[in-house]
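For clarity, every value in this text was computed on a predicted model and none was experimentally measured. So that the names make sense, note that chain A is the first sequence line, chain B the second, and so on, each numbered from 1.
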4 protein chains.
Amino acid sequence: MSVSKQFSLVDQEKSDQETPAVDRGAELLAAATAVFAQKGFHDTKVSDIVTAAGVAQGTFYLYFKGKNDVFFRLISGCCERILDQLGKASAIQRQATTAEEAHQNSFASLVGIFRMLESEQSVLKLILADPGGVDPAIDKMLAGLRETMVGQVRQNLQAGIDAGYLRDLNPTIVAEAVVGMIYHLSFERFVRGRDLGVDLEELAEEVVTFERHGIFKSPPAR
Amino acid sequence: MSVSKQFSLVDQEKSDQETPAVDRGAELLAAATAVFAQKGFHDTKVSDIVTAAGVAQGTFYLYFKGKNDVFFRLISGCCERILDQLGKASAIQRQATTAEEAHQNSFASLVGIFRMLESEQSVLKLILADPGGVDPAIDKMLAGLRETMVGQVRQNLQAGIDAGYLRDLNPTIVAEAVVGMIYHLSFERFVRGRDLGVDLEELAEEVVTFERHGIFKSPPAR
Amino acid sequence: MSVSKQFSLVDQEKSDQETPAVDRGAELLAAATAVFAQKGFHDTKVSDIVTAAGVAQGTFYLYFKGKNDVFFRLISGCCERILDQLGKASAIQRQATTAEEAHQNSFASLVGIFRMLESEQSVLKLILADPGGVDPAIDKMLAGLRETMVGQVRQNLQAGIDAGYLRDLNPTIVAEAVVGMIYHLSFERFVRGRDLGVDLEELAEEVVTFERHGIFKSPPAR
Amino acid sequence: MSVSKQFSLVDQEKSDQETPAVDRGAELLAAATAVFAQKGFHDTKVSDIVTAAGVAQGTFYLYFKGKNDVFFRLISGCCERILDQLGKASAIQRQATTAEEAHQNSFASLVGIFRMLESEQSVLKLILADPGGVDPAIDKMLAGLRETMVGQVRQNLQAGIDAGYLRDLNPTIVAEAVVGMIYHLSFERFVRGRDLGVDLEELAEEVVTFERHGIFKSPPAR
DNA sequence: AATGAATGAGTATTCATTCAT
DNA sequence: TATGAATGAATACTCATTCAT
């Protein structure tokens, strides 16, 4: 969206009285994101959003059906982007042929996911702290997101078990556990802003290593 | 209502028509817990609570300062009980002298925590899905709870590192990860009601094993 | 309602701190009637009604579901009373055994109806000038009222035809025509306040005579 | 109206790609009539009208001062046409020299009026169900229409009384009654669409006969 | 003439809280 | 203590109208 805006800027300079170079819908969505992130869904008034966007009350309803609608679009846009990233991560992960490669790929995937979540900070807050009940469609979408993540991890685990290099773990439970880690660490880092004393790569490396080897000193070797 | 009042007359010995034997405050708190759990904070009206408790609207304000107040007491009561359990778990964990004992103790601790969370299902939902912003005091309390959990795990990890039987992991990050797992699994199981195909002991066992050994087949032995 | 009020007045004087002798619901309904009659449905704001009743906005919603609800109750209450009166009128009319008696009974009935409509002036305005579309239930009720009136007139006509003293007219059309007269004259007199130069009895007499004999000089006599 | 525009086509030819041969004002008025008839005044939005007419929102205000203005023009156009027809009817009625002729003329007049009302169905609905209060000018116009009708009937009646062939009735009241009949029957037939089991001529005949002779079997003859 | 994006005044309704009995 | 009627501030949403292009 912001991309198309940048392009359109170029185009719109040419003609004299063309449509203004503003995308009110995008402006409003941006304003809404900021306000929701700061105040949360329930404490955000439509009037806050329009004030932040610098337009009149009515203008809001030209672009959104209502408060729930903006919220939904916010979340759903973000979810799509996350799912995208998840797809990429999954593709990367499947390419591994050696254990070393698998580690590297897991690492790369996780870094990718973290980076994307970092760029979605403000919406992430809303996703992770969703009060629920705002809109069943949102709940469904978030549940789907989680399920997708868990599903991918589970499949990878199952593949490893089948291939014989993973132990006989319960893939469902471990997958949930892994997703739990990632959610929690993302929340701490991107929503609460705690850097935990490491940079993103170090964080990902630590997580991947923990996931693969646990907390014990590997007796002989990995 | 009037019936229970009549019976209580018998119990309340000191003066003739003194306080009834019912604890209105507790009744209201119980009613509030049920309603909040079902509808969430924002969709719960004070009128829902008093209806559920079978008292008049005004009675509510005899026992609570307001809607935020009940919510706070609910959460804070639950947090205290969780912290209690956490203390016990910690005590257990520290007693280990061998790796095998440590595993058993971790397992026992986790089962204890899970059991307690299970018994707090309805409030757990509110704690884990806290929209935030309802009351800074609540946020602080929940943050404290998390911090306590993370702190305990971190200390255990540090102890293990110092003792030389844990690898050179980052205790802060791993502790957060472990808490993330537990939060997420608790949420899935107790709030969303998914049993994940195992009973509580199996769940705890799986988690502890995962934490300790990761996903790989332990090459020679544990 | 007003009856119970009058009784209750008696009772309430005795006891000290009983419920106040006011029926807020009735007060609001009265206020609403007045305001609706003056401004019509669409130009009446709930705030007008509560101001007229001297209560707060919220109080209104303690007694009515909303603006449509008051309007409906207003209309429906009035319709009931009219239907009542119509029933009485019908009973009177059926008792006639001679033509002269029939005339007298028609006259008495019509006077009764006129008097009742006069006492319902303010609501009558709303009934006769119903914009439609406010509430399907209201439309149905008004249609029923009209149908009842027309039906009664039609039956009387049919009875007269069968008995042989009325000419071979089309009872359906004439019944509609008669009701049209009565509606229109009621509207002019009670809603627009034109007395048409006669008192109510004279008006009824004129109408009954017109209905029975038309405009011509009865050649010989009836 | 569209006719006058077609003539204007001749004038518009001058320039090549000038204004199209359409009369936007007439189009909008037609669209407005249809929408108002279907939804009533208050439930009709300007946006409904422009959508129906296939023009932009702003275009509406090029031809009308506002929503009230279209409504006024609609009603007033229709009223003019009705008054026209009423004039013709009156002219016809005055030509009678015998009672039989008078009957025939009344019949012809009424048929003419019914036919015209039938052709104005959609606006008739608005006229007869006018909630009032939309615009004082409209109320005045409708009152004038009614007054004209009543006046004509009254004059005819008075003439008949003076001429000695009508009985000593109250012309004011009977005139109102007659107009009431016609209004009501028109409403039932043209607005509510009930044909009452007869065609328009039969309806008119029945009404005229009822008006002239009432419901009784004419003892000897008319 | 035509457009349609923008405006913002206007209003019904909810619900936490109070307080007179 | 208990009641529950009354309060009124707070807010989402509509739609007639304007005006820059």
Sugar-phosphate only, base, or nothing, as touched by Y63(A) at under 4.0 Å among non-hydrogen atoms: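 Result for Y63(A) = sugar-phosphate.
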
Going from [atom1] on [X] to [atom2] on [Y], what distance comes out if it is rounded to the nearest 0.5 angstrom?
X	Y	atom1	atom2	answer
F64(B)	L28(B)	CZ	CG	5.5 Å
L124(B)	C78(B)	CG	SG	6.5 Å
F71(A)	T33(A)	CZ	OG1	10.0 Å

Residue mapping more 5' on DNA chain E - nearest nucleotide basis, V55(A) or V46(B):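 Result: V55(A).
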
Salt bridge (Lys or Arg N to Asp or Glu O under 4.0 Å) contacts in which one or both residues fall within residues 50-62 of chain C, not counting sequence neighbours: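 For residues 50-62 of chain C, and leaving out neighbouring residues, there are no salt bridge (Lys or Arg N to Asp or Glu O under 4.0 Å) pairs at all.
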
To the nearest Å, give me how far apart [atom1] ([X]) and [atom2] ([N]) are.
X	N	atom1	atom2	answer
D43(A)	dT11(F)	CG	C1'	13 Å
E27(A)	dA5(E)	CD	C1'	13 Å
H42(A)	dA16(E)	NE2	C1'	15 Å
D48(C)	dA12(E)	CG	P	8 Å
D69(B)	dA16(E)	CG	P	14 Å
L62(B)	dT17(E)	CG	C1'	13 Å
F72(D)	dA16(F)	CZ	C1'	20 Å
K39(B)	dC15(E)	NZ	P	9 Å

Heteroatom pairs (N/O) under 3.5 angstrom, protein to nucleotides 18-20 of chain F:
none

Residues forming a salt bridge (charged side-chain N to carboxylate O under 4.0 Å, His left out) with K45(C), sequence neighbours excluded: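 None.
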
Contacts of D135(A) that satisfy salt bridge (charged side-chain N to carboxylate O under 4.0 Å, His left out) - sequence neighbours left out: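 Partners of D135(A) under the salt bridge (charged side-chain N to carboxylate O under 4.0 Å, His left out) test: none.
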
5'-to-3' dot-bracket of DNA chain F (Watson-Crick, G-U; under 3.5 angstrom; crossing pairs as [ ]; | other strand): .||||||||||||||||||||

Pairwise side-chain contact, V123(B) with F36(B), heavy-atom cut-off 4.5 Å (strictly under):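 Result no, sub-4.5 Å side-chain heavy-atom pair not found.
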
Close side-chain approach of R24(C) to L62(C), heavy-atom, < 4.5 Å: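 Of all side-chain heavy-atom pairs linking L62(C) with R24(C), none is under 4.5 Å.
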
Pairs meeting criterion side chain to side chain donor-acceptor pair (under 3.5 Å) with involvement of residues 51-70 of chain D, two or more places apart: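 Qualifying pairs: D69(D)-R73(D).
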
Along DNA chain F (nearest heavy atom to each residue), the more 5'-positioned of K45(A) and F60(C):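 Looking at the nearest nucleotide for each, F60(C) comes out on the 5' side.
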
Which residue lies more 5' along DNA chain F, comparing A56(B) with S47(D) via nearest heavy atoms: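 The residue closer to the strand's 5' end, by nearest nucleotide, is A56(B).
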
OP1 or OP2 of dA2(E) under 4.0 Å from side-chain N/O of R24(D):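 For R24(D), the contact criterion (side-chain N or O under 4.0 Å from OP1 or OP2 of dA2(E)) is met.
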
